[in-house]
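Written below as structure tokens is the structure these notes are about.
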Amino acid sequence: MSSCSYYLFHFCFLFITSACLAQTNFHPKTFFLAVKQDPSTLQYITEIHQRTPLIPVKLAVHVGSENLWVDCETGFKSSTYKPAHCDSRQCNLARSTSCGDCKTENNKTRPGCNNNACYNTVSNPAMNSTFYSGGEIAEDVLTIQSINGSYTGFESRGPVVTVPKFIFSCSPSFLTQNLGKDVKGMIGFGQQSPVSFATQLASTFRFSRQFAICLSSSPLENGIIFIGHRPYYFALGFDASQDLFYTPIITQPRSEYYIQVSSIRINGKTLSLNKTLLSLDENEEGGTRISTAVPYTELEPSIYSALSKAFISEMPKEVKTVSPVPPFKTCFNSSYIGITSLGYNAPGIYFVLHNPNVYWTITGANSLLLVRQGVFCLAFVERKKATGQAIVIGGYQMQNNLVEFDLARRRIGFTNSLFFRQTMCSDQFYT
């Protein structure tokens, strides 16, 4: 047996046979991750298996982040951890910002602190103030579940696949502040990053760079992130890719996702807005960003005011406003708010995109939130910061809508609510 074959044999033995398919000619075209909202932080959480021996690692999903980073100061152990050396390919791919030596107090190295290692910038938007820190760039084993590409019910899962050298960043423990219970880092899907989660898988397995997110509205049920090729199957064999309509991604140096919202309509009536706010400028101010790190869509104050007033005027006269329930400013007595197949009976909100005939419909299921017995609130919040994007589309508005990020074609697709198809994000057999 050759040394290469010997190594491969024992590498396979460490895990399971199917986990070594990345080492052979098997090249899956689609993977998936289960994703669920943490009820205490409202963050969307997924889980990967990483290291040797493999362990589950909980991570917060951040579509606009450049990379995967984990806490390496607390309990990180792996026999296959390999720091990236200065000026290496891994450092360049991960956009290293610094390089040098590092030793702990007892003059030893460890994951996250090595000599001749490179570092990049990692951040956690859940912290009270945006804080950036250096993370040691490294490689380690990672496994992920594949999809076989055909609808066969519970058999639609493919084998577990191993990526033996997945690039990530090793961060200090303090950067996990304000993350959910047992969450050890973040998983990034940024558009411009060569080491984002989707881009690395696409590069390793040679498929088109794209992923799709479908967030469940229940903290008890899983949604799903598809990584790779369509179809996106849900209950009764419905392929959600059939309903996608697209708008271009506005390319910027950062890895966040920006789109053009040209206007907003409520029940077909166009709001009077300062159109300058709706355009992204050279300083990345204004415009519209999509973020899973924001629980509810944030609006610039004048846009929030216009939307709130129009929404109130379009509600049935019997529905009365009540005192605000922070963080929401517009709330209603629920006595006369009914329920339809599309969620709560509420005025339709339409985000008109790059073309007047292309718009994202937000129904009552994504516009109203029951905050306590007898009280519903408009599930949009007013932006607190003086500057930033005019609109940041948050997780609540994406729930039970499949959103596809097609990086190869520089576009984002929306399905509108899956309730139109009598299904939802938790109605799939993968998770």
Side-chain angles (χ1 to χ4, degrees), residues 37 41-44 60-65 123-132 178 186 190 215 247 249-250 252 254-266 270-313 321 323-332 346-347 349-353 359-360 362 366-369 371 376-399 401 403 412 414:
Q37 189 175 42
T41 64
L42 302 182
Q43 296 158 10
Y44 293 94
V61 177
H62 184 9
V63 293
S65 181
S123 64
N124 175 7
M127 294 175 71
N128 292 331
S129 59
T130 302
F131 193 93
Y132 298 89
N178 297 343
M186 306 195 85
L215 301 176
T247 193
I249 295 173
I250 298 175
Q252 291 288 332
R254 293 175 62 197
S255 283
E256 299 279 7
Y257 289 94
Y258 300 99
I259 60 172
Q260 180 65 53
V261 171
S262 301
S263 63
I264 301 175
R265 301 174 189 157
I266 304 251
T270 301
L271 303 186
S272 178
L273 303 175
N274 179 353
K275 292 298 183 72
T276 302
L277 294 171
L278 298 178
S279 297
L280 189 70
D281 67 20
E282 64 275 8
N283 297 316
E284 297 187 49
E285 298 289 333
T288 299
R289 175 165 59 91
I290 299 175
S291 176
T292 52
V294 174
Y296 305 101
T297 293
E298 298 178 352
L299 302 174
E300 184 275 338
S302 68
I303 296 176
Y304 178 87
S305 177
L307 184 142
S308 173
K309 289 177 181 178
F311 193 88
I312 291 171
S313 69
T321 57
S323 299
V325 180
F328 308 110
K329 296 179 64 176
T330 305
C331 298
F332 306 92
I349 301 174
Y350 305 88
F351 280 11
V352 182
L353 304 176
Y359 49 87
W360 185 17
I362 299 175
N366 299 98
S367 64
L368 286 177
L369 176 69
V371 295
F376 281 100
C377 291
L378 179 64
F380 292 74
V381 298
E382 184 175 288
R383 188 185 74 192
K384 295 181 179 179
K385 296 179 181 178
T387 60
Q389 275 65 65
I391 302 172
V392 182
I393 297 173
Y396 190 78
Q397 278 62 48
M398 287 191 277
Q399 288 177 358
N401 290 247
V403 183
I412 293 177
F414 302 89

Does any non-hydrogen side-chain atom of [Y] lie less than 4.5 Å from one of [X]?
{"X": "F380", "Y": "I362", "answer": "yes"}
{"X": "N178", "Y": "T41", "answer": "no"}
{"X": "L271", "Y": "K309", "answer": "no"}
{"X": "V352", "Y": "T270", "answer": "no"}
{"X": "Y257", "Y": "I249", "answer": "yes"}
{"X": "F328", "Y": "V381", "answer": "yes"}
{"X": "K329", "Y": "L378", "answer": "no"}
{"X": "L307", "Y": "L273", "answer": "no"}

Please name the pair of heavy atoms, one in [X] and one in [Y], separated by the smallest distance, quoted to 0.1 Å.
{"X": "Q43", "Y": "A126", "value": "NE2-CB, 3.6 Å"}
{"X": "S367", "Y": "I349", "value": "CB-CD1, 4.0 Å"}
{"X": "Q397", "Y": "A379", "value": "NE2-O, 3.0 Å"}
{"X": "L368", "Y": "A346", "value": "CD1-CB, 3.7 Å"}
{"X": "L277", "Y": "E300", "value": "CD1-OE1, 3.3 Å"}
{"X": "V63", "Y": "T292", "value": "N-OG1, 3.2 Å"}

If you round to the nearest 0.5 Å, how far is [atom2] of [Y] from [atom1] of [X]?
{"X": "E285", "Y": "S279", "atom1": "CD", "atom2": "OG", "value": "13.0 Å"}
{"X": "I412", "Y": "L353", "atom1": "CD1", "atom2": "CG", "value": "10.0 Å"}
{"X": "E256", "Y": "E284", "atom1": "CD", "atom2": "CD", "value": "8.5 Å"}
{"X": "I259", "Y": "F414", "atom1": "CD1", "atom2": "CZ", "value": "4.0 Å"}
{"X": "I391", "Y": "S291", "atom1": "CD1", "atom2": "OG", "value": "14.0 Å"}
{"X": "Q252", "Y": "R289", "atom1": "CD", "atom2": "CZ", "value": "12.0 Å"}

(message) Run the side-chain contact (heavy atoms from CB on, under 4.5 Å) test on N283 and T387 for me, step by step, so that the C-alpha distance in whole Å, both residues' side-chain angles and the decisive distance to 0.1 Å come before the verdict.
(response) CA-CA 11 Å; N283 297 316; T387 60; over 6 Å; no
(request) Please check if the distance between the ring centroids of Y396 and Y296 is under 6.0 Å. (result) yes
(request) Name all residues meeting the side chain to side chain contact (heavy atoms under 4.5 Å, CB included) criterion together with S272; count only those two or more places apart in sequence or in a different chain, and write none if there are none. (result) none
(message) What verdict does the side-chain contact (heavy atoms from CB on, under 4.5 Å) test give for V61 and L215, after you've listed the backbone C-alpha separation in whole Å, the side-chain angles of each residue and the deciding distance to 0.1 Å?
(response) CA-CA 11 Å; V61 177; L215 301 176; over 6 Å; no
(message) More than 12 heavy atoms of other residues, nucleotides or ligands under 6.0 Å from OH of Y359: yes or no?
(response) no
(request) Examine the side chains of Y44 and Q399 and answer whether a donor and an acceptor come within less than 3.5 Å of each other. (result) yes
(message) Pairing donors with acceptors under 3.5 angstrom, does anything connect the side chains of T330 and S308?
(response) yes
(request) Might you work through the side-chain contact (heavy atoms from CB on, under 4.5 Å) test for Q389 and T288, ending with a clear yes or no? (result) CA-CA 6 Å; Q389 275 65 65; T288 299; over 6 Å; no
(message) Whether the side chain of T321 engages the backbone of C331 through a donor-acceptor N/O pair (distance < 3.5 Å, no angle test) should be reported.
(response) no
(message) Please verify the inter-ring angle class for F351 with W360; under 30° counts as parallel, over 60° as perpendicular, anything in between as tilted.
(response) perpendicular
(request) Output, in order, the C-alpha distance, side-chain angles, deciding distance and verdict of side-chain contact (heavy atoms from CB on, under 4.5 Å) for L278 and Q260. (result) CA-CA 7 Å; L278 298 178; Q260 180 65 53; 4.3 Å; yes
